[in-house]
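Beneath this line is the structure, given in structure tokens, with notes to follow.
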Amino acid sequence: MILYRAHLLDAPEPGRLRSIPDGALVVDETGRISETGTFPVLAPQHTGLEVRDLRPHWILPGLIDLHVHLPQYDSVAMDGLELLPWLNTHIFPAEARFADAGLAKDAARRFFGNLLSLGTTTAVVYSTIHQEATDVAFREAESCGIRAAIGKVMMDQNAPEALSEDTEASLQQSNELIQQWHGKSHGRLMYALAPRFAPMCTPALMRGVAALSEKTGAYIQTHLAENLDEITWVRKLFPECANYTDVYRRHRMLNANTLLGHGIHLDASERAMIRAAGATIVHCPSSNAFLESGVMPLRRWWNEGLSIGLGTDVAGGPTLSMWTEMAMCCTVSKLRFALLNEANATMKPAEAFHLATKAAAQGLGLKDRIGSLDKGLDADFVVVDPRLTDPAARIEDAADRVLSRLIYRADPRMVKATFVRGKQCFAQEN
Ligand SMILES: [Zn+2]
């Protein structure tokens with residue numbers, strides 16, 4: 001057991017920060033948090049324990065990225081196109097290269113290493129259609145220690161030649177990967193079936209995905225109502241469905257294990273379907289701005305009781321940093337307020353922080369495992385030095401001001417260390 005001494009900060013409730021200036025986190029041999037509290041109270045109860053005094057650093061729960069594309073990392077920041085032409089011009093050629101397992105291995109190593117260096121401890125990841133590249137991604141996640149749900153992309157219609165799959169083969173390969181990886185490393189590695197989006201999936205594929213999720217408990221991740229041209233295309237392809245969300249509902253793809261990327265342009269009936277299923281919307285504000293897709297009315301969706309988390313959606317979004325994603329979450333909400341006069345649209349840093357931690361954990365059905373610094377949870381946490389936000393945050397400032405600096409002025413050096421289940425997976429040199 002180890003006792004970590006630092007300023008503790010988390011957001012177990014929406015919009016409310018829990019700040020313990022002279023805090024202590026006791027982590028047991030299994031990597032679980034056995035006690036959370038103040039150092040003066042916990043230290044005398046744990047005499048003889050190894051104490052790691054991290055002051056003046058702060059400990060925050062690890063950040064959770066609910067939507068990110070591993071093979072797109074090398075194609076970030078390709079500006080100038082909307083979703084569909086951007087996919088054809090930049091993304092599909094990049095994904096086709098993952099037929100080369102050596103390239104896939106190198107990319108996965110850099111990708112997960114960078115996530116950990118930014119304080120992301122859990123990521124929900126799209127691979128490519130390639131089984132081997134997906135297997136390699138799992139192996140890299142296994143060895144670097146990150147918590148991840150990964151899935152091979154599935155596309156059996158309207159995809160470019162090099163990325164087109166046979167329906168049965170796609171389902172078969174996904175099932176093999178589920179058997180191999182879902183729940184491995186004591187649940188640290190999970191499978192997330194990844195039918196790319198309705199236009200590139202046949203009804204047979206979607207029904208097969210639903211059956212696999214029901215049978216194995218694997219997550220389903222896909223895209224929904226991101227771009228207006230995409231929505232028009234879906235209407236044309238599935239005229240029998242009431243709307244885009246109904247395509248997924250009819251093929252039984254909406255359940256409590258479903259993560260829906262974007263969800264910008266949804267009507268009330270679609271939101272009701274998502275709520276009824278208990279599925280989660282992954283808000284990707286950087287990507288939605290970058291690809292000119294729109295600005296999701298986050299506050300309204302959230303007030304309606306929808307389950308919501310945040311995703312970087314690299315390479316739709318130009319950064320892997322969840323700090324920046326939290327900043328964008330706040331910034332674009334201010335634009336809704338300023339330009340559309342939408343009452344109460346503005347999101348506060350503490351709320352964005354909640355979405356990136358506890359709310360994301362709830363969306364994954366893992367609220368008893370991750371998302372805060374509560375006793376009994378796995379010790380997934382990040383050690384930050386707020387003095388490295390530039391200009392330096394004063395650590396004696398109120399916690400909400402320090403959090404605001406960490407989010408809006410994130411410095412790559414401020415993450416000093418990242419722990420997953422009590423194991424240090426990243427340490428800043430010097
Ligand atoms: Zn995406």
Side-chain angles (χ1 to χ4, degrees), residues 64-79 81-95 98 107 111 115 120 122-129 133-134 137 148-155 158-160 163 192-201 209 219-231 233-234 244-245 248 253 258-266 279-296 308-322 324-325 328-329 332 356 360 363-364:
I64 302 173
D65 186 342
L66 286 184
H67 184 130
V68 61
H69 298 258
L70 185 163
Q72 298 179 11
Y73 186 38
D74 288 336
S75 307
V76 287
M78 294 292 125
D79 200 354
L81 297 170
E82 284 190 30
L83 175 66
L84 300 176
W86 171 80
L87 283 171
N88 285 319
T89 307
H90 299 299
I91 298 307
F92 290 146
E95 293 196 4
F98 276 63
F111 175 79
L115 283 175
T120 297
T122 298
V124 181
V125 180
Y126 289 76
S127 174
T128 56
I129 63 156
T134 309
I150 306 171
K152 106 177 191 59
V153 164
M154 307 167 86
M155 298 193 268
N158 299 321
L163 294 172
L193 288 147
R196 181 167 224 122
F197 63 159
M200 295 191 178
C201 300
V209 164
Y219 295 105
I220 297 173
Q221 57 178 341
T222 190
H223 297 81
L224 171 69
E226 174 178 0
N227 170 286
L228 296 176
D229 290 340
E230 169 208 14
I231 293 169
W233 194 16
V234 170
Y244 198 160
T245 308
Y248 295 143
M253 272 184 28
T258 304
L259 301 165
L260 301 161
H262 307 284
I264 303 172
H265 313 283
L266 298 172
T280 293
I281 290 183
V282 185
H283 180 40
C284 306
S286 297
S287 169
N288 296 344
F290 186 77
L291 295 177
E292 300 164 16
S293 303
V295 180
M296 191 183 97
I308 297 176
L310 295 180
T312 59
D313 191 28
V314 157
T319 172
L320 278 182
S321 168
M322 284 297 289
T324 303
E325 204 58 45
M328 279 299 283
C329 173
V332 302
L364 289 169

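Order of appearance sets the numbers: ligands from 1, and atoms from 1 within every ligand. These figures come from a predicted structure and were not determined experimentally.
Among the atoms of Asp313, an N, O or S atom falls under 2.8 Å of the Zn ion (ligand 1). With a cut-off of 2.8 Å, the Zn ion (ligand 1) has an N, O or S atom of His67 in range. Residue contact annotation: His69 places an N/O/S atom under 2.8 Å from the Zn ion (ligand 1).
Atoms CG and OG1, from Leu193 and Thr258 in turn, are 9.5 Å apart once rounded to the nearest 0.5 Å.
Taking 4.5 Å as the limit, some side-chain heavy atom of Asn288 sits within range of a side-chain heavy atom of His283. Taking 4.5 Å as the limit, every side-chain heavy atom of Thr312 sits out of range of all side-chain heavy atoms of Thr319. Between Glu226 and Asp313 the shortest side-chain heavy-atom distance falls below 4.5 Å.
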